[in-house]
Amino acid sequence: MSYSKTSSITNRDVAHLLRSVAAAYLIKNKNRFRIIAYENAADAVEHLTREVRDLWEEGKLDTVPAIGSTIASALDEYFRKGRSNHFDAVFKGIPLTVFELMKVSSIGPKRAYKLAKHFNLKNSKTVFADVRSLCEKGEIAKLPTFGEKSQEVILRALDLYERRKEATTRMPLPYAYLLAEDLIAYLRKNKKVRRADALGSLRRMVATIGDIDIAVVVENKYAREVIDHFLKYPKKISVDSAGKKKASIIISPQIRIDLRVQSAKDYGAMLQYFTGSKTHNIKLREYALKKGYSLSEYGIKDLKKNTPIRMFDTEEKFYRFLGLSYIPPEIREGTDEIELSEKNRIPKLIEVKDIKGDFHVHSNYDLKPSHDLGINSYREICTKAKELGYQYIGFSDHNPKTSGQSEDAIVKIMAERRRHIEKSLLKIDGLDCYVGLEVDILPGGDIALPKKALNDIDYMIISVHSVFGMDRKSMTKRVLAALENPKVKILGHPTGRLLQKREGYELEWEKIFEVCKKKQIALEINSWPDRLDLPDTLIKEALRYGVKCIVNTDAHANVQMELMSYGVSVARRGWATKNDIINTRDPKEFRRWMFG
DNA sequence: GCCGTTTTCGGCCCGACTGTTTTCAGTCG
């Protein structure tokens with residue numbers, strides 16, 4: 001089973017391995033709860049905030065939920081030797097092509113096995129082409145329990161799979177939002193639609209979105225009509241399924257839209273169910289079951305009494321009936337939110353209206369920067385900040401480039417910039433302006449600004465903008481060295497990830513957290529759509545360490561200053577309260593943090 | 001195979017849609 005070098009095994013690899021075990025057991029008709037156990041273990045590994053291989057090295061595999069003694073010892077052998085007798089035994093007799101075929105939607109373990117066995121498919125490299133040609137020859141339709149329609153479905157799914165492989169599979173949250181808005185506007189054109197919401201991972205504000213989930217309120221008798229309307233969405237490229245209560249369309253090879261219709265009186269249960277996450281829902285249902293209730297998208301059934309299902313028009317009532325306080329969608333990830341909600345200890349998460357300033361904004365002032373300029377002047381940025389209701393603002397142009405100009409020239413540029421800002425923004429009522437700079441962290445850990453220029457700025461955001469490929473240890477050393485500079489107040493987009501384009505670099509986070517806490521340096525939560533960096537799981541860890549964060553937009557144009565809400569949503573997913581975020585403080589307190 | 005402030009045994013989330021069947025298996029979310 002796809003054994004690779006054990007030192008580079010990622011959580012995804014392990015999750016895939018465990019899922020393959022589950023599939024193998026399903027094919028062999030083993031106890032279905034054992035199958036579920038392996039699927040749960042795979043889910044758990046996928047949701048870990050740390051590398052499972054690191055946990056294994058530290059002897060902490062048993063701290064992973066859903067991994068018990070059996071799976072732990074099999075994984076132990078797997079990490080040590082690159083293979084495990086236990087897993088090998090499970091996979092015995094199952095062609096490896098099965099686990100390839102399962103990547104195609106509509107092909108699950110059973111059908112994959114039937115295909116691989118019956119047609120003796122052994123070459124994982126050609127298996128998709130092999131199945132395609134079997135479809136085209138009409139061979140698949142002849143198989144028992146398959147048929148003409150199944151053959152067609154498989155052919156279509158193969159098309160999608162191959163087209164999807166070329167493209168990235170998920171899109172950054174803000175792009176998905178635009179798509180969802182367009183669809184909702186289209187749905188509302190049908191007057192029978194009383195309400196429409198984007199749910200699922202969109203409502204939970206996950207950084208990258210795969211499918212888009214939409215729910216609408218419609219009177220039962222019009223459900224069919226609204227679903228038909230949905231199926232005629234102009235951007236649709238194919239219909240995946242269409243029933244009386246739900247339907248799915250594909251709008252590009254990698255984007256599927258699921259629609260559910262429900263009446264107003266039980267819409268609360270629908271919202272709850274369709275928002276997810278899957279893990280949250282499963283845990284909630286297990287919790288309810290212990291109290292004698294069964295949950296579904298239609299409401300709550302009392303298992304002890306033979307009463308009709310209880311309906312809820314709002315989510316708040318749904319949770320309250322179960323003895324739980326409301327849980328914001330952003331933290332419904334199946335960690336510990338249900339336990340805390342039961343004890344009424346869900347924190348009050350930060351909101352957009354709490355934000356009082358933006359500290360990562362690029363202007364068009366030409367200081368011969370190392371990276372791109374913005375398009376608005378300092379004054380225009382201030383006007384925008386006032387419009388957004390901010391009480392302070394920080395200008396953080398990129399540092400002047402270090403090649404091609406002397407240190408003295410750079411010092412001069414910086415002094416001139418400071419004079420320019422002070423002159424042009426002498427008095428703006430109710431808006432404190434800070435002169436900042438976003439400075440590159442050079443590969444050796446130095447910062448890309450001469451010492452003599454430090455006097456002309458109030459604060460520095462330091463960021464890695466080059467040489468991303470360093471190993472964890474060296475990168476940590478590099479960042480720690482740069483954090484020592486006294487003018488550093490913010491570590492910018494701390495992982496350097498670009499969603500769907502570039503993985504972030506690895507850091508020894510405990511060390512970073514420690515220094516940031518000691519020196520009162522804020523970790524940035526960057527709202528830029530392709531960044532959303534710091535990621536939510538790391539925010540949660542940072543806050544546990546007592547580190548503060550700051551939410552910025554990294555705007556290069558005024559309109560981008562409006563993207564703050566995405567950064568705030570990431571903060572919320574990291575369980576951040578107002579108190580955890582520096583730029584919610586009132587101007588006086590903020591000044592104290594800046595210069596204190 | 002995992003898990004436990006009712007349990008170390010006896011439970012384990014719930015339903016829709018499709019195709020191939022003629023009551024259900026497979027897949028999906």
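Throughout, a chain's letter reflects where its sequence line sits, starting with A, and its residues are numbered from 1.
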Residue pair Lys244(A)/Pro65(A) against DNA chain B: nearer the 5' end by closest nucleotide is Pro65(A)

Whichever of Gly108(A) and Lys291(A) has its nearest DNA chain B nucleotide further upstream toward 5' | Lys291(A)

Among [options], find the nucleotide with the atom closest to the side chain of [X].
X	options	value
Tyr38(A)	dG1(B), dG29(B), dC12(B)	dG1(B)
Ala242(A)	dG26(B), dG19(B), dT18(B)	dT18(B)
Arg111(A)	dG29(B), dG1(B), dG26(B)	dG26(B)

Can you check dT6(B) for me, syn or anti if syn means within 90° of 0?
-> anti

Which part of the nucleic acid, if any, lies within reach of [X] when heavy atoms closer than 4.0 Å are counted: base, sugar-phosphate only, or nothing?
X	result
Leu295(A)	sugar-phosphate
Leu284(A)	nothing
Ser248(A)	nothing
Tyr273(A)	base
His280(A)	nothing
Gln151(A)	nothing

Going by the angle between their ring planes, with limits at 30° and 60°, are Tyr38(A) and His86(A) parallel, tilted or perpendicular?
-> parallel

Looking at Tyr298(A), Tyr273(A), Tyr267(A), Phe318(A), which one forms a ring pair (Phe, Tyr, Trp, His ring centres under 6.0 Å) with Phe312(A)?
-> Phe318(A)

Under a 3.5 Å limit for both distances, which nucleotide forms a Watson-Crick or G-U wobble pair with dT8(B), could you say?
-> none

Quick one: do the Tyr233(A) and Asp182(A) side chains pair a donor with an acceptor below 3.5 Å?
-> yes

Think Arg83(A) forms a cation-pi with Tyr78(A), using NZ or CZ under 6.0 Å from the six-ring centre and within 45 degrees of its axis?
-> no

